[in-house]
> 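Quick one: this structure, given as structure tokens, is what I'll be asking you about.
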Number of protein chains: 2
Amino acid sequence: MDDLETQLQRFFPRLEPALRAELLQEATLKDLPEGEFIIRTGQYLKSSILLLNGLLKVYRQDEEGHEFLLYFLEPGHACALSMLCAVREEQSEISAQAVTPAQVLLVPMHVAERWLTKYPSWHMFVIGTYRERFEELLQTLDAVAFTSLDERLLFYLRKNQQFKGNQLRISHQQIAMELNSSREVISRLLKKLEQRGVLTLHRNFIELHQPA
Amino acid sequence: MDDLETQLQRFFPRLEPALRAELLQEATLKDLPEGEFIIRTGQYLKSSILLLNGLLKVYRQDEEGHEFLLYFLEPGHACALSMLCAVREEQSEISAQAVTPAQVLLVPMHVAERWLTKYPSWHMFVIGTYRERFEELLQTLDAVAFTSLDERLLFYLRKNQQFKGNQLRISHQQIAMELNSSREVISRLLKKLEQRGVLTLHRNFIELHQPA
DNA sequence: ACAGTTCTGTGACTTTTGTCACTGTGATGG
DNA sequence: CCATCACAGTGACAAAAGTCACAGAACTGT
């Protein structure tokens, strides 16, 4: 693993050098083991989160514990929600979890706030972050509103493939949760996809074919 | 109707006076008759949109013409999407339409951009706009993901009630479109709601009871 | 090797939504 | 006064998804 400064430069090239220097000063580096939560529903946040390494998944939960995947976060991106919540000093309405071991930078809210006027590039970065998340959210909404479960399942698998490769170690139960469905249904749909030759089912993992 | 300056002050009190003055200079005022589009899917936008008067609805459309209501926009608010699209110089992926006669201010993109660094209050306003729309979008997503059609229908009616009063002049077809369902289903569900005493069905309009 | 656990497969059934086909009814405009 | 039209109601059926109940397969630790 590179040193922090190199990583910053690699993943956040658009932040001006002075800002990157101050980031090193002000932000806290945090390592997340796989599965660790960085945000939990109902939690108060006081920092913005920048992702340096690994993969985070951001999802919503309702009162009865149903989950719902919103989007993945890759290195070089930031969690728009963390900025939202931080600004409003409100409870977060979402959860974020490390899918792989991950490294994040935590920028205290008051610092992030100050940078908005101090560094134009920070400002653009924040705006850009909102924009990107907004668009991903729209995509997700489209998927839910306009497509059936089997299409969404395929989309979900492809997305995971993109980040984790062809061998997905996910249980049907997991998938069901994230798509807000039930295990049996997912099992059946996966079976259909297997028959169509899209994938092969194994115990504890799913093998996706043709990355296309 | 008040003069423009008074309206600005009333609906956008948080914008600094100098900015309000410049708004009067740089922005174009536009009157929208009921039903007029201000954004259409596929259109290129070159302005940010601030709403002065009336009610706009913002919705998504898929390729086959299905609609999907995202949220309403009230006076004093701005369309986050218009800012998104404007910045990216991309095609808009949504439509916005005047539900009642409305008045909007159009701020050319390059001006809006310039203000970001020039006026802190503009900057905060833009951030705030993203934040609010983001949260509304999350709400909508929740509704779709976690609740059944009849709940969504009720929610939809309440929302309309909030803006348009107890007598809703909407056809079942209209509702079906906006909830991405079909007329027959909506008819049936409305019937059920009537039996539960929530509303009374009339020709061409629906009467909602207990504003609660 | 065995009990316990997790993951997966499956049949039968229900509920929810969507679709089709048709009817009725009020409004509007020649 | 009648043709037309948009709107609404409804029964019958189909499709999609969720639920229930079980069974078997693989993995775990002791």
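The chains referred to below are lettered A, B, ... by the order of the sequence lines, with proteins before strands, and numbering in each begins at 1. Because the structure is a prediction, the values reported are computed rather than measured.
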> Just how far is it from atom CG of B:L105 to atom CD of B:E26, taken to the nearest 0.5 Å?
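The CG atom of B:L105 sits 12.0 Å away from the CD atom of B:E26.
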> Can you confirm whether the side chains of B:Q7 and B:R10 place a donor and an acceptor under 3.5 Å from each other?
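No, no side-chain donor-acceptor pair sits under 3.5 Å.
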> Give a yes or no answer on whether the side chain of A:Q97 reaches the backbone of A:G35 with a donor-acceptor pair at less than 3.5 Å.
yes
> Here's one to test your reading of the geometry: is the NZ or CZ of B:R14 within 45 degrees of the ring axis of B:F125 and under 6.0 Å from its centre?
no
> Over how many whole Å does the gap from A:L168 atom CG to C:dC7 atom P extend?
16 Å
> B:H172 side chain N/O closer than 4.0 Å to the phosphate oxygens (OP1, OP2) of D:dG9?
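True: B:H172 side-chain N/O within range (under 4.0 Å) of D:dG9 OP1/OP2.
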> Atom NZ of A:K191 to atom C1' of C:dC7: distance rounded to whole Å?
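In whole Å, C:dC7 C1' lies 13 Å from A:K191 NZ.
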> Tell me: CD of A:E194 to P of C:dT8, nearest whole Å?
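Value for this atom pair: 12 Å.
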> Using a strict heavy-atom distance below 4.0 Å, which residues from residues 139-153 of chain B are in contact with DNA chain C?
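Per residue number, the list reads B:S148, B:L149.
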> Under 4.0 Å between any heavy atoms, over every strand shown, what does A:L201 touch: base, sugar-phosphate, or nothing? Just pick one.
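Touches sugar-phosphate only.
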> Between A:E136 (side chain only) and A:Y71 (backbone N and O only), is there a donor and an acceptor less than 3.5 Å apart?
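Such a contact is absent between A:E136 side chain and A:Y71 backbone.
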> Nearest-Å distance, CD1 (A:I206) to P (C:dC7)?
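Interatomic distance, CD1 of A:I206 to P of C:dC7: 13 Å.
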> May I have the distance from B:R169 (atom CZ) to D:dA8 (atom C1'), rounded to whole angstrom?
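To the nearest whole Å, that distance equals 17 Å.
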> Which is more 5' along DNA chain C, the nucleotide nearest B:L189 or the one nearest A:N204? Just name the residue.
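Of the two residues, A:N204 wins.
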> Return the orientation label for the B:H66 and A:F146 ring planes: parallel under 30°, perpendicular over 60°, tilted otherwise.
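B:H66 vs A:F146 ring planes: parallel.
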> Rounded to whole angstroms, how far apart are CE on B:M177 and P on D:dC7?
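Taking CE of B:M177 and P of D:dC7, I get 12 Å after rounding.
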> Distance check needed: C:dT5 P versus A:Q173 CD, whole Å only.
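From A:Q173 CD to C:dT5 P: 17 Å.
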> Look at atom CD of A:E5 and say whether more than 12 heavy atoms of other residues, nucleotides or ligands are closer to it than 6.0 Å.
no
> NE2 of A:H202 versus C1' of C:dG9: gap in Å, rounded?
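My rounded result for the distance is 16 Å.
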> Please answer whether the main-chain N or O of B:A143 pairs with a side-chain N or O of B:R152 as donor and acceptor at a distance below 3.5 Å.
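Absent.
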> Check salt bridge (charged side-chain N to carboxylate O under 4.0 Å, His left out) between A:E67 and all other residues, then give those that pass, not counting sequence neighbours.
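Not a single residue meets the salt bridge (charged side-chain N to carboxylate O under 4.0 Å, His left out) criterion with A:E67.
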> I need a per-nucleotide contact map over nucleotides 19-25 of chain D, read 5' to 3'. Cutoff is protein heavy atoms under 4.0 Å; write B for the base, S for backbone only, - otherwise.
BBB---B
